[in-house]
Amino acid sequence: MIFDLTASVINGVLVGAIYGLAAIGLTLIFGVMNVINLMHGATIALGMFSLYLLTTAVGLNPYLAIVPVLLGGFVFGVLVYWIAVHRVIGSSDLMTLLATFAVNMIIIGVGTAVWTTSPYNVDVSVPQLAISMHGYTIPGTQIVAAVLAVILATLLYGLLYHTRLGKAIRAVANNRAAAELMGINTRWVLAISFGIGIAVAAGAGVLIATLFPFTILSGANYELKSFVVVVLGGLGDPAGAMLGGIVLGLIEGVTAPFVNVSWTPVIEFTLFVIILVLFPAGLLAFKWGRK
Amino acid sequence: MSEALLELEDVVSGYDELQVLWGVSVAVMPKRLTTLVGANGAGKTTLLRAALGSIRVWSGRVRFEGEDVTRLSAYQKAARGLVLVPEGRQLFNDMTVEENLELGAYTARARPDYAANLERVFTYFPRLKERRKQKAGTFSGGEQQMLAVARGLMASPKVLIIDELSLGLSPLLTQQLFGTLADLKNDGLTLVLVEQNLHLALALSDYAYVLAEGRLHSEGPSREVANDPDVRKAYMGM
Ligand SMILES: Nc1ncnc2c1ncn2[C@@H]1O[C@H](COP(=O)(O)OP(=O)(O)OP(=O)(O)O)[C@@H](O)[C@H]1O
Ligand SMILES: [Mg+2]
């Protein structure tokens, strides 16, 4: 029993790191431009299907596929920003919700037409890295996916805190009008930030798809988890999102042996409400990039 | 008189349907300190926002170094050396002092001078050097104002425009900041001040414009404006 729990905890932390990465995509966009990105889930699903295409049609190594997916996600995000989001930035929150929701519906619609809603999976295994304990095995794929999630999150953190572009992004998040006065082309910074947020979500989709089967609708589930994670970590805070992701994964892992999976969302959203009420600024309660 | 460095011609502007400026013309001469005076709500901040491109100029012209820059965005004007220390400081509160100063030097023209400007700014405001790893939002009001001015200087401005330098500052710190401005002016910097503290501002400035209800009420060499009975009564409590 004790060892079951150890395995569940490890399992939870590993999956949680990926939840964290996905949530960073959501929280970055919110932190910089105050937009709640409702195409987050669809983007995760696009990442999953991009992995499917790149491994089956192109024959790429699944882990190498992350690179083109990140680049493609970035370009796609920048385009979506200019076409659908920029015009409604600064108007009511409802407008930006509707704009991103509309893109979400387009992606899901086209995706359903192309791939239907039946499940796909990508064959990945890294048996050399698997860890066995007392009849329970942590698959190597989970370890690789978690490590990659942490690496990507760390790279993003480095970008935000140690590069000129990153400082411009944080300045825009902090005070867009002042950033403009510093000579920063804030429209481009917004577009680039949106592109990065979308790229990160798509990258998280790739990592998830190396672990579990998926459909074009799978993203919705992870979008909801991202919301929980973002609230756990404090809105707009990428470091908090990573920690929040790990906490959520841990909770899922620890409860998994005891309750049926259908209870998972109930537990998650009960937690969501409790945190919103008790810690409205997030568990860490330090703020990043907010006015 | 030499050519104006920054020229506003008949500027009309405002917010959405609210017209605030009704045709204001201002000329800022190089290496001079120009003061903009006016009651609360007269439109001083609005005029600066229109000049800098933060809000749209409805009609009229903004000329900088002889070139028409009316339609340029704020970031493009900043890139040319037109620098504003905005009302209410507008610091990057969640970022450190050092990062605020780095962002001040964001433009291509300021970047090569980063080290020299940083040293200059730290000489004027040693306090900022001691606190350079501290978040700007945790500063006191006076320290924030120092940082706001310092951030403006980091941009290697051709024209430095300061909106309400002394608002909320102690008389001592106000004196000190004015001392700094006097040094900068002697170094040949072109300055524009919007200031409540008319005694200090007019003593230091060369030329003044008086704005009332979105229109120019009067203008002239600072000494004359300081002696204008209207201005003395309305703004200097005399
Ligand atoms: N962001 C805004 N939106 C709408 N109206 C505004 C805005 N900012 C200022 N105004 C209005 O424009 C007019 C001029 O304001 P402005 O801030 O330019 O005055 P000011 O001369 O700078 O005053 P103060 O000395 O108090 O700073 C005021 O009537 C004000 O209510
Ligand atoms: Mg003002």
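Order of the sequence lines fixes the chain letters, A, B, ..., with proteins taken first and strands second; residue numbering starts at 1 for each chain.
Exactly one residue among B/Glu102, B/Glu99, B/Glu98 makes a salt bridge (charged side-chain N to carboxylate O under 4.0 Å, His left out) with B/Arg132. That residue is B/Glu98.
Proximity to chain A at a heavy-atom threshold of 4.5 Å picks out B/Leu52, B/Ser54, B/Ser73, B/Ala74, B/Tyr75 from residues 46-77 of chain B, in numerical order.
Taking the six-membered ring for Trp and thresholds of 30 and 60 degrees, A/Trp188 and A/Trp82 have ring planes more than 60 degrees apart, a perpendicular arrangement.
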Exercise for the section: Output, in order, the C-alpha distance, side-chain angles, deciding distance and verdict of side chain to side chain donor-acceptor pair (under 3.5 Å) for B/Glu9 and B/Ser25. Expected result: CA-CA 4 Å; B/Glu9 271 177 37; B/Ser25 299; over 6 Å; no
Exercise for the section: Show your reasoning for whether side-chain contact (heavy atoms from CB on, under 4.5 Å) applies to A/Phe194 and A/Val78. Expected result: CA-CA 6 Å; A/Phe194 199 85; A/Val78 169; over 6 Å; no
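Residue contact with chain B, scored on non-hydrogen atoms closer than 4.5 Å, involves the backbone and the side chain of A/Ala171 alike. With a 4.5 angstrom heavy-atom cutoff, B/Leu91 touches chain A only via backbone atoms. Looking at A/Arg187, there are no atoms closer than 4.5 Å to chain B (heavy atoms on both sides), in backbone or side chain.
Within a 6.0 Å radius of CD in B/Glu119, no more than 12 heavy atoms belonging to other residues, nucleotides or ligands are found.
To the nearest 0.5 Å, the span separating CG on B/Leu216 from OH on B/Tyr209 amounts to 7.5 Å.
The choice from A/Leu181, A/Ile184, A/Thr186 that makes the most heavy-atom pairs within less than 4.5 Å of chain B is A/Ile184. Of the residues considered (A/Ala179, A/Ala177, A/Gly183), A/Gly183 shows the highest number of contacts with chain B, using heavy-atom pairs under 4.5 Å.
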Which pairs of donor and acceptor atoms, one on a side chain in residues 141-155 of chain B, lie under 3.5 Å apart (sequence neighbours left out)?
residue: B/Glu143; atom: OE1; partner: B/Ser140; partner atom: N; Å: 2.9
residue: B/Glu143; atom: OE1; partner: B/Ser140; partner atom: OG; Å: 3.3
residue: B/Glu143; atom: OE2; partner: B/Arg127; partner atom: NE; Å: 2.8
residue: B/Glu143; atom: OE2; partner: B/Arg127; partner atom: NH2; Å: 2.9
residue: B/Glu143; atom: OE2; partner: B/Arg131; partner atom: NH1; Å: 3.1
residue: B/Gln144; atom: NE2; partner: B/Ala136; partner atom: O; Å: 3.4
residue: B/Gln144; atom: NE2; partner: B/Phe139; partner atom: O; Å: 3.2
residue: B/Gln145; atom: OE1; partner: B/Arg89; partner atom: NE; Å: 3.1
residue: B/Arg151; atom: NH1; partner: B/Gln90; partner atom: O; Å: 3.0
residue: B/Arg151; atom: NH2; partner: B/Arg89; partner atom: O; Å: 3.3
residue: B/Arg151; atom: NH2; partner: B/Gln90; partner atom: O; Å: 3.0

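Figure legend: cation-pi geometry between A/Arg170 and B/Phe92 absent, as NZ or CZ is not positioned both under 6.0 Å from the six-membered ring centre and within 45° of its axis.
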